[in-house]
Amino acid sequence: MKKIVILTLFKNMFDEFLKSNAIKKAIEQKKVSIDLVDIRDFTNDKHKRVDFPPYGGGTGMIISCEPLCLAIDYSLNNILNSEKENTKIIYMSPRGKLLNYNLSKEISDDGYNYVIICGHYEGIDERVIEEYDIMEISIGDYVLTGGELACLVLLDSIIRLMPGVLSDGALDEESHTDNLLEYPQYTKPSEFRGRKVPEILISGNHQKINEYRKQESIRITKKYRPELLQKDK
Ligand code: ADE
């Protein structure tokens with residue numbers, strides 16, 4: 001089972017996600033465990049503050065070293081415990097490695113446990129990054145107010161790839177496997193406002209349907225993301 005510990009100041013942002021069908025199933029089937037740790041529980045500040053202004057001036061607040069490092073140590077020593085040697089640490093950050101299908105797949109089945117740090121405000125003290133061997137991951141070239149949404153994106157993208165979480169075959173032909181986007185899909189009714197479902201999809205000829213879908217995948221990829229066709233698999 002992959003153990004994931006999330007360090008955050010906003011634990012409740014994960015509530016609905018953890019209740020959603022696929023994620024609940026993955027947890028019940030013991031494919032993954034998710035522990036939420038509140039960074040604020042580790043501050044020694046009498047007002048429970050975790051963030052302070054940056055040295056050198058500037059706007060915004062920085063999460064300070066001590067509560068964050070104590071929260072990391074607690075996660076490694078008290079939650080992951082005997083499995084801490086087999087654990088990697090991720091910090092969700094706009095300067096990190098860009099998340100894509102291959103990185104999600106790698107994290108999904110690499111056999112490691114993960115501690116994931118969600119920063120807030122203007123970021124975290126750089127010395128935390130230096131203190132541990134931390135991989136930084138970004139979900140896109142834009143800046144969010146905190147790492148929680150990015151962490152949810154990462155979690156969702158890795159958990160759905162775990163064997164048995166989605167129904168059989170659901171992952172076979174989805175977008176980004178083999179650097180192709182998925183072919184267009186249709187459901188009932190067979191005609192809507194004069195638009196008919198492509199005849200071949202109701203023909204019952206599965207070989208022809210597969211060939212048609214493959215061609216459509218290539219057409220859609222050329223149209224929406226032509227650069228994917230140049231990428232190494
Ligand atoms: N935190 C703030 N912006 C982010 C981004 N784009 N990706 C990951 N974490 C972030």
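This is a predicted model, so every value here is computed, not measured. Just follow the structure's listing: the first ligand is 1, and inside any ligand the first atom is 1. As a basis for the values below, the full set of heavy atoms in this structure was taken, side chains included, without hydrogen atoms, waters or symmetry mates.
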Heavy-atom contacts under 4.0 Å between Ser138 and ligand 1: side chain, backbone, both, or neither? both
salt_bridge(Asp110, Lys2) N-O dist < 4.0 Å: yes
For Tyr142, counting its heavy atoms only, list the atoms of ligand 1 lying under 4.0 Å from any of them. 3 (N), 5 (C), 6 (N)
Under 4.0 Å from a heavy atom of Ile137: which atoms of ligand 1 are those, numbered in the order shown and with their elements? 8 (C)
Classify the contact between Thr145 and ligand 1 as side chain, backbone, both or neither, using a heavy-atom distance cut-off of under 4.0 Å. neither
Going by atom types only, do Tyr212 and Asn205 share a side-chain donor-acceptor pair under 3.5 Å? no
Run the numbers for me: atoms of ligand 1, each under 4.0 Å from some heavy atom of Val143, listed by number. 3 (N)
Who's the nearest protein heavy-atom neighbour of atom 3 (N) of ligand 1, and how far? Leu144 N, 3.0 Å
The atoms of ligand 1 lying under 4.0 Å from a heavy atom of Gly140, numbered in the order shown, are 6 (N)
Flag the pair Arg225 and Glu227 as a salt bridge only when some basic side-chain nitrogen lies within less than 4.0 angstrom of an acidic carboxylate oxygen. yes
In the protein, what heavy atom is nearest to atom 7 (N) of ligand 1, and what distance, to one decimal place, separates them? Ile139 N, 3.0 Å
Is it the case that Lys84 and Asn77 place a side-chain donor and acceptor less than 3.5 Å from each other? yes
Check whether NZ of the Lys or CZ of the Arg Lys88 lies under 6.0 Å from the centre of the six-membered ring of Tyr112 and within 45 degrees of that ring's axis. yes
Starting from atom 1 (N) of ligand 1, which protein heavy atom do you reach first, and at what distance in Å? Pro94 CD, 3.7 Å
Just checking, any donor-acceptor pair under 3.5 angstrom between side chains of Glu211 and Gln207? yes
Check Asp15 with Lys19, please: is the shortest side-chain N to carboxylate O separation under 4.0 Å? no
